[in-house]
Amino acid sequence: MDLTGYLTSDEAAARLGINRQSLYNLANRSPDFPKPKKIGRTSLWPEAGVDAWRAEHPKRQKGTSGG
């Protein structure tokens, strides 16, 4: 099976700058977040889908909001 172009949960979370639990929360709560491919008990995330989602959802800045 060719898994080129897929990220492990740890890789996908690192790419988004979040922890693994937040990754699963996004997958469950955000309708436009890419769904993982399940291989046994392992979730593999489409690399292009994760990157596209990140591009559409720029990182929210913590702390100050200008004003």
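We number each residue from 1, following the sequence as shown.
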A.B. asks: With distance as the sole test, does Lys37 use its side chain to make a donor-acceptor pair with the main-chain N or O of Trp45 at under 3.5 Å?
C.D. replies: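 A pair under 3.5 Å: no.
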
A.B. asks: Looking at every non-hydrogen atom in both residues, tell me the closest pair between Ala12 and Leu23 and how far apart they are.
C.D. replies: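 For Ala12 and Leu23, the tightest heavy-atom pair comes out as CB-CD2, 4.0 Å.
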
A.B. asks: Is there side-chain contact between Leu44 and Pro36, with heavy atoms separated by less than 4.5 Å?
C.D. replies: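 They are not in contact (no side-chain heavy atoms under 4.5 Å apart), so the answer is no.
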
A.B. asks: Would you please test Asn25 and Ile18 for side-chain contact (heavy atoms from CB on, under 4.5 Å) and show each step?
C.D. replies: CA-CA 11 Å; Asn25 289 346; Ile18 60 178; over 6 Å; no

A.B. asks: Any non-hydrogen side-chain atom of Arg15 less than 4.5 Å from a side-chain atom of Asp51?
C.D. replies: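 They are in contact (side-chain heavy atoms under 4.5 Å apart), so the answer is yes.
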
A.B. asks: How many angstroms lie between atom CD of Gln21 and atom OG of Ser9, to the nearest 0.5 angstrom?
C.D. replies: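 Between Gln21 CD and Ser9 OG, I get 10.5 Å after rounding to 0.5 Å.
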
A.B. asks: Counting only N and O atoms by type, is there a donor-acceptor contact under 3.5 Å from the side chain of Glu56 to the main-chain atoms of Trp53?
C.D. replies: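 A pair under 3.5 Å: no.
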
A.B. asks: Taking the side chain from Arg54 and the backbone from Leu16, do they hold a donor-acceptor pair closer than 3.5 Å?
C.D. replies: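 Pair found, side chain donor or acceptor close to backbone of Leu16.
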
A.B. asks: Could you tell me whether the side chain of His57 reaches within less than 4.5 Å of the side chain of Asp32, counting heavy atoms only?
C.D. replies: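 The answer is yes; the side chains approach within 4.5 Å.
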
A.B. asks: Any heavy-atom pair between the side chains of Phe33 and Asn28 that's under 4.5 Å?
C.D. replies: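 No, every pair of side-chain atoms sits at 4.5 Å or beyond.
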
A.B. asks: Hey, what do you get for NZ (Lys35) to OG (Ser43), rounding to the nearest 0.5 Å?
C.D. replies: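 One finds 11.5 Å between NZ of Lys35 and OG of Ser43.
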
